[in-house]
Amino acid sequence: MARPKVWLMRNYHDPQIEAYLSEHCEVIVRQSNVTPPHEEIFKMAAECDGFLPEGIDIIDAEVLNNASRLKIIADRSVGTDNVDIPVATRNGVLLTNTPGILQDACADMTFALLLSFARQVTRSDRDIRAGKWTVFDQTPWLGLDTYNKTLGIFGFGGIGQKVAKRAAGFDMRVIYYSRTRRPEAEAELGAEWAGDMETLLRESDYLCLHCPLTDETRGVIGEAEFALMKPSGVLVNMARGAVVQQQALYEALEANVIAGAAIDVCDPEPMLIDDPLLTLDNLVITPHIGSASAATFTAMGMMAARSIVAALTGEPVKNMVNPEAMANW
Ligand code: NAP
């Protein structure tokens, strides 16, 4: 019997991932580190049983309606906004993701960004390399404190709660607003329920975004929300770029409506080099590397590979986003 065919959609994965998949499947490795063009994804959907994409590879209804053979998409990410989930479910294409294992890495990176802005780490580094450190004068780089400040979390799931845990160590007050209230986590982490979005915006010194990108959260932070934040407030976006209206972010930073922003994600990605946001000194930006410690990067790839093998060999599959799809296999 022919072995199932799996498309590993990048060439940069740890070799153990291809080796593991090859024990069970025929593996096609795309020899590129770039997201495949739509027509290539469309074509491969009719030829492969499994896809291992990144969470930015768009797998839309057109692709899924051509997916005569495809049984599983195993996103190497926790966010699954790249896939048209209702169509995947209808067409019997199972979607899995990689939750849990990246929460600590993302929470660390949230604090790395927050502190980079608060204590001027990236800006002062840039200034030194540009020859601007010519005298002992700290005043160009005076920063913001974190202790006794309020850290607001929007989206109090796995990553949001790990951020709350870290914030306790920084002597910060933690408030949150999320779709679901979590009394147990509140008690464990000393976090307070903000009650509504407006309170979260008004009271946060640092507002950290940790929600998924969905129809409800797309563009949820815009001009009106920036206006509610403190002028000394800082936005940290570790979620998805499109959760924030990017033009409104530029205008809020440029006019000092808020003090600054530290973002790991933007829209589109990569950010274009002539994006006006890159002209601003009160922005810190990293290239969507929230989960990307070396160990977590490989662990996510292996988790996705295991989901593919389990699905294609009839074993129980973990981390299913749309288990209902199984009924349509
Ligand atoms: P998670 O455990 O599913 O937590 C997400 C939280 O957001 C949940 O508490 C959820 O509430 C809440 N939420 C969902 N819709 C909401 C809404 N409309 N309004 C308010 N809150 C809402 O996911 P996670 O592992 O923490 O990851 C969160 C997101 O981070 C991912 O979806 C992904 O987009 C992003 N991410 C980014 C990176 C990066 O590299 N920058 C890495 C990993 C993840 P419920 O409990 O009610 O569902």
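Both counts, for ligands and for their atoms, begin at 1 and track the order of listing. Both backbone and side-chain heavy atoms feed into the values below; hydrogens, waters and symmetry mates do not.
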Rounding to 0.5 Å, atoms OH (Tyr176) and CZ (Arg181) come to a distance of 5.5 Å

Of Gly157, Gly290, Cys211, the one whose closest heavy atom lies nearest atom 29 (C) of ligand 1 is Cys211

ask   = Salt bridge check: are Lys43 and Glu39 linked by an N-O gap of less than 4.0 Å?
value = no

Glu216 heavy atoms within 4.0 Å reach ligand 1 at atoms 18 (N)

Atoms of ligand 1 under 4.0 Å from any heavy atom of Arg240, numbered from 1 in the order shown, are 33 (C), 34 (O), 35 (C), 36 (N), 37 (C)

If you scan protein heavy atoms around atom 26 (O) of ligand 1, the nearest is Ile159 N, 2.9 Å

d(Asp57 CG, Asp75 CG) to nearest 0.5 Å is 8.0 Å

(Q) Closer than 4.0 Å and a protein heavy atom, does any atom meet both conditions relative to atom 23 (O) of ligand 1? (A) no

Ligand 1 atoms nearer than 4.0 angstrom to some heavy atom of Cys106 are 42 (C), 43 (C)

Is the shortest side-chain N to carboxylate O distance from Arg3 to Glu26 below 4.0 Å? no

Distance col, row His210:NE2 vs Arg240:CZ, nearest 0.5 angstrom, shows 13.0 Å

Report task. Could you tell me if any non-hydrogen atom of Phe154 lies under 4.0 Å from any atom of ligand 1? Result -> yes

Any heavy atom of Thr180 under 4.0 Å from ligand 1? The part involved is both

Under a 4.0 Å N-O cut-off, is there an ion pair linking Asp281 with Arg126?
yes

Under 4.0 Å from one or more heavy atoms of His288, ligand 1 contributes atoms 39 (C), 40 (O), 41 (N)

Indicate yes or no: does Arg173 engage Glu203 in a salt bridge with an N to O separation below 4.0 Å.
yes

Closest heavy-atom approach to atom 16 (C) of ligand 1 among Arg182, Arg179, Met238, His210 is made by Arg179

Checking heavy atoms under 4.0 Å, the part of Val78 that sits near ligand 1 is side chain

Min over Ala239, Gly155, Gly79 of heavy-atom distance to atom 35 (C) of ligand 1 lands on Ala239

If we number the atoms of ligand 1 from 1 as shown, the ones under 4.0 Å from a heavy atom of Asp264 are 39 (C), 40 (O), 41 (N)

Notebook entry, point to check: With a 4.0 Å cut-off, would you call Asp49 and Lys71 a salt bridge?
Noted result: yes

- Message: Determine whether any protein heavy atom is located less than 4.0 Å from atom 3 (O) of ligand 1.
- Response: no

Atom 7 (O) of ligand 1 has as its nearest protein heavy atom Pro212 CD, 3.3 Å

Nearest heavy atom to atom 12 (C) of ligand 1, choosing from Ser178, Gly160, Gly55, belongs to Ser178

Please verify whether a non-hydrogen atom of Pro99 lies at under 4.0 Å from ligand 1. no

Within 4.0 Å of some non-hydrogen atom of Gly158, the atoms of ligand 1 are 1 (P), 2 (O), 4 (O), 26 (O)

Considering only NZ, NE, NH1 and NH2 on the basic side and carboxylate oxygens on the acidic side, decide whether Arg166 and Asp104 come within less than 4.0 Å. yes

key: Short N-O contact, Asp145 and Lys149, less than 4.0 angstrom   = no

The atoms of ligand 1 lying under 4.0 Å from a heavy atom of Ser291, numbered in the order shown, are 40 (O)

The closest protein heavy-atom partner of atom 17 (C) of ligand 1 is Thr217 CG2, 3.6 Å

### Parallel, tilted or perpendicular, as decided by the 30° and 60° cut-offs, for the rings of Phe297 and His13
parallel

One should read off an interatomic distance between His288 NE2 and Cys266 SG, to the nearest 0.5 angstrom, of 9.5 Å

Checklist entry - For Phe111 and Phe170, what are the C-alpha separation, side-chain angles and deciding distance, and is it a ring pair (Phe, Tyr, Trp, His ring centres under 6.0 Å)? => result CA-CA 10 Å; Phe111 262 85; Phe170 280 82; 4.7 Å; yes

Atoms of ligand 1 under 4.0 Å from any heavy atom of Val265, numbered from 1 in the order shown, are 41 (N)

